[in-house]
Amino acid sequence: MIDFRSDTVTKPTAGMLAFMQSAPVGDDVFGEDPSINSLERITAAKFGMEAGLFCPSGTMTNQLAIKSHTQAGDEVICDELSHIYQYEGGGIAFNSGCSVKLLHGNRGRVNAEQVLAGINPEDVHKPITSLVSLENTSNRGGGACYNFEDFKAIKKVTDAHKLALHLDGARLFNAIVRNNEAAIEYGNIFDSISICLSKGLGAPVGSVLIGSTTFIQKARRWRKVFGGGMRQAGFLAAAGIYALDHHVDRLAEDHKNAQILSEALAQKDFVESILDVETNIVIATIGGKYSADSLVAALKEKGVLAIAMTPTQVRFVFHLDITESDLERTVDIIKAL
Ligand SMILES: *Cc1c(COP(=O)(O)O)cnc(C)c1O
């Protein structure tokens with residue numbers, strides 16, 4: 001099977017497994033796992049931030065950030081397509097007791113005017129706005145990237161209103177590679193960033209939350225409360241270190257391949273439109289002889305897995321286990337549909 005369902009389906013490479021096996025480990029709740037300590041330090045340093053925190057999932061890093069930046073009863077501003085709102089099981093309410101102000105952005109991206117308009121006035125009737133959370137790249141937005149100028153404009157607004165600014169950077173390296181950005185610039189803008197190692201970077205498990213030393217101390221306490229304090233998890237952190245060393249630059253191949261698949265899809269009568277491919281995600285709107293479900297079924301019969309995101313949209317995600325020849329085969333299969 002050629003698996004385009006998600007960039008989370010990757011298996012560790014032989015090189016990654018060998019590196020994991022040789023990792024020095026210790027009890028991380030005691031702060032004694034050298035591999036986790038390295039991963040946290042390396043990730044924070046890449047973004048010019050002070051400290052990092054290794055967690056089992058991106059949901060946990062996001063939820064810890066929200067918990068650490070807010071008080072119960074506060075309000076969080078985010079786009080309506082945000083992962084923190086759509087796909088984290090209502091965790092903003094459950095874990096942090098916060099309400100959300102949803103903005104109607106463009107493919108998951110919001111601008112400074114929208115953020116400003118979303119901030120509640122000083123009024124006893126209103127929840128206190130304390131956090132703005134952005135997502136780059138946007139998952140539901142089909143891998144869309146922010147223009148960096150928009151971050152600067154939003155930062156001016158959050159500074160003026162003393163709001164914390166979090167970035168869900170599950171696929172941040174896809175944006176950085178695509179736009180040739182400096183990671184350090186992100187550290188200058190955001191108070192916290194969550195980065196997934198188990199998406200396109202190809203690690204089996206793990207995300208890192210980065211921020212200031214005091215912020216990470218707070219998040220580390222909440223991680224224990226959430227049950228995320230792990231012991232000899234350095235074997236997993238080692239996979240992350242390996243991924244950061246070996247699997248970042250190659251994301252450009254995924255972006256190029258996604259473009260090629262999108263061009264093949266665009267030739268078909270049953271494809272009504274395709275979101276402009278910015279990174280590794282292709283979302284096509286399906287009509288005519290197929291529904292999203294029946295197209296997914298037809299592809300599956302030929303050995304290609306994709307996901308029906310909505311009744312009319314099919315999603316393909318590129319990652320390091322999709323080879324050039326997998327792409328060629330998929331293009332041939334699509335041509336013949
Ligand atoms: C995948 C993803 C996450 C985290 O997901 P986990 O499965 O919990 O690791 C967070 N944000 C975005 C945008 C994602 O795509």
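Just so it is clear, the structure is predicted and the values come from calculations on it, not from any experiment. Computed over heavy atoms, backbone and side chain alike; hydrogens, waters and symmetry mates excluded. Counting starts at 1 for both ligands and their atoms, in listed order.
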Any salt bridge between R140 and D79, counting N to O under 4.0 Å?
-> no
What residue and atom, counting heavy atoms only, is the protein's closest point to atom 2 (C) of ligand 1, and at what distance?
-> K199 NZ, 2.2 Å
Side chain or backbone of I84 under 4.0 Å from ligand 1, or both, or neither, by non-hydrogen atoms?
-> neither
Give the atoms of ligand 1, by number and element, whose distance to some non-hydrogen atom of N62 is under 4.0 Å.
-> 10 (C), 11 (N)
Does K152 come within less than 4.0 Å of E149, counting only side-chain N to carboxylate O?
-> yes
Between N139 and ligand 1, which residue portion shows a heavy-atom distance shorter than 4.0 Å: side chain, backbone, both, or neither?
-> side chain
Heavy-atom contacts with E135 under 4.0 Å: which atoms of ligand 1 show up? List them by number with element.
-> 13 (C)
Within-cut-off N or O pair, T59 and ligand 1, under 3.5 Å | yes
among protein heavy atoms, the one nearest atom 11 (N) of ligand 1 is D168 OD2, 2.6 Å
Ligand 1 versus S57: contacting region, heavy-atom distance under 4.0 Å | both
So side-chain hydrogen bond (donor to acceptor under 3.5 Å, both in side chains) across residues 240-251, not counting sequence neighbours, yields R250-D254
For R231, the option from D33, D28, D27 that meets salt bridge (Lys or Arg N to Asp or Glu O under 4.0 Å) | D27
Under 6.0 Å between ring centres, would you say that holds for F47 and F173?
-> yes
R171 near ligand 1, heavy-atom distance under 4.0 Å?
-> yes
For atom 6 (P) of ligand 1, what is the nearest protein heavy atom, given as residue, atom name and distance?
-> G58 N, 3.6 Å
Given that the side chain starts at C-beta and the backbone is N, CA, C, O, which of these parts of M60 lies under 4.0 Å from ligand 1, counting heavy atoms, or is it both or neither?
-> neither
